[in-house]
S.K.: 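Please see the structure below; I have some questions.
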There are 2 protein chains.
Amino acid sequence: MIQISTGDSRPIFRQIVDSIRLQIATGELEPGTKLPSVRGLAMQLTVNTNTVAKAYNELTAQGWLESRPGLGLFVSKPRKLFSDRERERRLNEAVQQFINQVIGLDYDPDELLQRLERDLRALDIRSARSAGNE
Amino acid sequence: MIQISTGDSRPIFRQIVDSIRLQIATGELEPGTKLPSVRGLAMQLTVNTNTVAKAYNELTAQGWLESRPGLGLFVSKPRKLFSDRERERRLNEAVQQFINQVIGLDYDPDELLQRLERDLRALDIRSARSAGNE
DNA sequence: CCATGTGTACTGTGTGTGGTGGTACAGTAG
DNA sequence: CTACTGTACCACCACACACAGTACACATGG
């Protein structure tokens, strides 16, 4: 089930991308599963078809989905998505951004780490994407 | 010293805000210190004066800086900036955003936490903002 | 008094992104 | 042939960002 929120500051197409990517990473959506059609999901979310198509395009370009012409989009099998340099760059960017966002909130570092650990473990990420598959 | 990078995806005024806020939070800029003038910093960064003014305005609105008419802007004394609800909301938003950014990178949760702990402790944040001052 | 430097507030103008609406086309299944 | 699929366009509007210029009130040093 994909949901979007008007109160969310993120663009609509990004909410869709994040939502689907999260469901794939947690195993809620398994490889081979067919996704709702562009027009169907757009109807359900009451948004434009182009907005859904944009989200699907990004997910396909990043290797999360695969397109079968005339049939639809399907969750692809896990594989390595980024180079080591790109992984490191993105992680560093995410860390810096996180720090900038919490820097004025006066939280203790231990409290921040504890909170992150709780939310990270609650997801139960499938981490078999870079190893154990050919 | 404030620097901006053209390769950074963040808007210029946000880079300025983050940079100054970080320097205040780490104690690199002490309360009472006078900041570069709007026109001076704009000249130094080869950026429009309005862009610098926008950054300074946000920092002043959030309580990091204080304006003395005709004199300039100065680092204000630490104090509580947000309500408890706002603090919690912003922390939650930052955590969710961080997770969304690293979810496809196939990092082990422990590795993520270790990295965050390292970068957080390296900053040595001044955490006396909500207690011990009147 | 006057010139200079300070923040602040406007009014434009241009560019890029996000979102919507509509049309069109190739591939697949019934 | 019909209906569904993704995909690629086009046009339009709204908004944020950045730049450019002007103006005003304040404080300081001549």
S.K.: Rounded to whole angstrom units, what separation is found between the CD1 atom of A:Ile16 and the C1' atom of C:dG18?
M.R.: 12 Å
S.K.: Can you tell me if B:Arg118 has over 12 outside heavy atoms packed within less than 6.0 Å of its CZ?
M.R.: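 Above 12, so yes.
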S.K.: With a 4.0 Å cut-off on N to O distance, would you call A:Glu66 and A:Lys77 a salt bridge?
M.R.: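 Looking at A:Glu66 and A:Lys77, the cut-off is not met.
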S.K.: Taking only Lys NZ, Arg NE, NH1 and NH2, and the carboxylate oxygens of Asp or Glu, determine whether B:Arg10 and B:Asp18 approach each other closer than 4.0 Å.
M.R.: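 Result for this pair is yes, salt bridge flagged.
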S.K.: At less than 4.0 Å, is any side-chain N or O atom of B:Thr60 found next to OP1 or OP2 of C:dG7? Yes or no.
M.R.: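 Indeed not, no polar side-chain atom of B:Thr60 lies that close.
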S.K.: Determine: side-chain N/O of B:Ser37 to OP1/OP2 of C:dG5, distance under 4.0 Å, yes or no.
M.R.: no
S.K.: At under 4.0 Å between heavy atoms, how does the protein contact nucleotides 22-30 of chain C? Give one character per nucleotide, 5' to 3', with B, S or -.
M.R.: B-B--BSS-
S.K.: For B:Lys54 and A:Ser67, find the nucleotide of DNA chain D closest to each by heavy atoms; which residue's nucleotide sits nearer the 5' end?
M.R.: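 By nearest-heavy-atom nucleotide position, the 5'-most residue is A:Ser67.
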S.K.: Please say whether more than 12 non-hydrogen atoms of neighbouring residues, nucleotides or ligands are located less than 6.0 Å from CD in B:Glu88.
M.R.: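 It does: B:Glu88 CD has more than 12 such atoms within range.
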S.K.: Rounded off to whole Å, could you give me the CG-to-C1' distance for the A:Leu45 and C:dG18 pair?
M.R.: 16 Å
S.K.: Hey, could you give me the CG/CD1 distance between B:Asp8 and B:Ile4, rounded to the nearest 0.5 Å?
M.R.: 9.5 Å
S.K.: What are the 5'-most and 3'-most nucleotides of DNA chain D lying under 4.0 Å from any heavy atom of chain A?
M.R.: D:dT5 to D:dC9
S.K.: Taking the basic N atoms (NZ, or NE/NH1/NH2) and the acidic carboxylate oxygens, is any pair closer than 4.0 Å for A:Glu117 and A:Arg121?
M.R.: yes
S.K.: For the pair B:Asp110 and B:Arg115, find out whether any cationic side-chain nitrogen is under 4.0 Å from an anionic carboxylate oxygen.
M.R.: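 No salt bridge links B:Asp110 with B:Arg115.
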S.K.: Can you check the B:Glu66 CD to C:dT6 C1' distance for me, whole Å?
M.R.: 16 Å
S.K.: Of all residues at least two apart in sequence or in a different chain, which pass the side-chain hydrogen bond (donor to acceptor under 3.5 Å, both in side chains) check with B:Gln114?
M.R.: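 Expected list: none.
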S.K.: Can you see whether B:Gln101 engages A:Gln97 through a side-chain donor-acceptor pair at a distance of less than 3.5 angstrom?
M.R.: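 A pair is found: one side chain offers a donor N or O, the other an acceptor, under 3.5 Å apart.
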S.K.: Output the rounded distance in Å from OH (B:Tyr56) to C1' (C:dG5).
M.R.: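 After rounding, the gap between these two atoms is 14 Å.
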S.K.: Rounded to whole Å, how long is the line connecting atom CZ of B:Phe74 with atom C1' of C:dG5?
M.R.: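 In whole Å, C:dG5 C1' and B:Phe74 CZ are 12 Å from each other.
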S.K.: Between A:Phe13 and B:Leu73, who's closer to the 5' end of DNA chain C by nearest nucleotide?
M.R.: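 It is B:Leu73, whose closest nucleotide lies nearer the 5' terminus.
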